[in-house]
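Below, all heavy atoms of this structure are taken into account, side chains as well, without hydrogens, waters or symmetry copies. Nothing here was measured: the structure is a model prediction, and the numbers come from that model. Just so you know, ligand 1 is whichever comes first in the structure, and atom 1 is the first atom listed for that ligand.
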Amino acid sequence: MNRSKLSLAVISVMALPPVFAQAAEPEVTAPQVVQALEGTFGIHQGERRNHTKGTCAAGEFVGTAEAAKYSRSALFSGKAVPVIARFSLAGGNPKAPDIARSARGMALQFKLPQGQLHQMAMLNTPMFGAASPKTFLDLTQAQRPDPATGKPDPEKLKAFKAAHPDNQAQAQYLASHNPPDSYAHSAFFGIHTFKFIGAHDKVTLVRWRFVPQGGEKPLSDDALKTAGADFLEKALIDSTAKKPARWDMLVAIGQPGDPQDDPTKSWPVERPEFKAGVLTITSALPQKGAACEPINFDPMIMADGIAPTDDPVLRFRSQAYAVSFGKRLSGQ
Ligand code: HEM
């Protein structure tokens, strides 16, 4: 290209509105991230590429009149909404030990009237460990086992931490909180900011969490040594066979200036909160062949009354889940 054509090309790229410039050349793609997960955790045919180890469950959700003041979602009609749930361990290792200091997940699919679906996929940490897909990609690559030791290379992990301060808050949270003794004894956080859409399209910025009615019960330091690798599934199946597990859905209302599009940043604790409903889980089953197994718990699947913000991580999740879903459905 001669000099005048080159400068013309530069000018026309610069003149593009930022949205087109981004769309033309995304920094990180979903197939790249899924490939990185496969590189670190291996390919487990027909399985999720992340949160691979998990347990199916079922129950219902009943919303409150207080929530209906802020959101017109059928979730908050006050009638029982059937729920399919999946509890999981973060990471693509189907044999991840249940004592691992990693995040636990709770994914919910609400079956609303007229075939509408609403989905949530939450973690048991109040914040996420990546403000952008690039941090997630770099973390996944830094966790790849070194063929010589079978463990991640400490130097690579150190370099990752130095380059990505946005990972720090979640890493510190995981290091300082023992994992739960049962999924039923863990709180789960929506983490992203969402919009509740009410009457006359009034928008309220919210963040939610699900808090177990029986209280949170982390493993003690002693129990961590003796609990073994596979107790979470049995604990949930056994406890729900005796009595349902219940969580209160608590919703915090944002104030101007609260972070909207950064899932690594918490909101001040004094934000006003209201109870938006109760989730009741009545049964649980191993995931193979059970109802939750084939579901793609894409958190961008939302029914009228709740909408996403521009959080780039929330938006990217939809693409990454689709790639993982496509692979596992086709038996890869
Ligand atoms: C860049 C950020 C993220 C990426 C690339 C990512 C990627 C993935 C992928 C590929 C899956 C497997 C999907 C499937 O095969 O169905 C998954 C599952 C999951 N993720 Fe994420 N994720 C991200 C952020 C998050 C965040 C912020 C949360 C919580 C707020 C979260 C919670 C979960 C949960 C709970 C599951 C399991 C869902 C199920 O049980 O099917 N993820 N993630």
- [ ] Report the nearest protein non-hydrogen atom to atom 43 (N) of ligand 1: residue, atom name, distance rounded to 0.1 Å.
- [x] Y321 CE1, 2.9 Å
Open item on the list: Any carboxylate oxygen within less than 4.0 angstrom of a Lys/Arg side-chain nitrogen, looking at K288 and E47?
Closed with: yes
Open item on the list: Starting from atom 13 (C) of ligand 1, what is the nearest protein heavy atom, named by residue and atom, and what distance separates them?
Closed with: S324 OG, 3.8 Å
- [ ] For the pair K53 and E233, find out whether any cationic side-chain nitrogen is under 4.0 Å from an anionic carboxylate oxygen.
- [x] no
Open item on the list: Under 4.0 Å, heavy-atom basis, I'd like to know which part of V313 is in contact with ligand 1: side chain, backbone, both or neither.
Closed with: side chain
TODO: Look only at interatomic distance and state if H192 has a nitrogen or oxygen under 3.5 Å from any nitrogen or oxygen of ligand 1.
DONE: no
Task: Minimum non-hydrogen distance to atom 39 (C) of ligand 1, winning option of K53, R104, R86 - done: R86
Task: Contact check: R49 vs ligand 1, nitrogen or oxygen atoms, below 3.5 angstrom - done: no
Task: Nearest protein heavy atom with distance in Å, relative to atom 35 (C) of ligand 1 - done: M122 O, 3.4 Å
Open item on the list: Less than 4.0 Å is my threshold; does some heavy atom of S132 fall inside it relative to ligand 1?
Closed with: no
TODO: Assess whether ring-ring contact (aromatic ring centres under 6.0 Å, His included) is satisfied between F189 and Y173, documenting all intermediate values.
DONE: CA-CA 13 Å; F189 301 80; Y173 188 90; 7.0 Å; no
Open item on the list: Give me the atom names and distance for the closest heavy-atom approach of P308 to R315.
Closed with: CG-NH2, 3.6 Å
Task: Which residue and heavy atom of the protein sit nearest atom 32 (C) of ligand 1, plus the separation - done: R317 NH2, 3.3 Å
Task: Trace of the ring-ring contact (aromatic ring centres under 6.0 Å, His included) decision for F87 with W247 - done: CA-CA 14 Å; F87 293 88; W247 285 260; 5.8 Å; yes
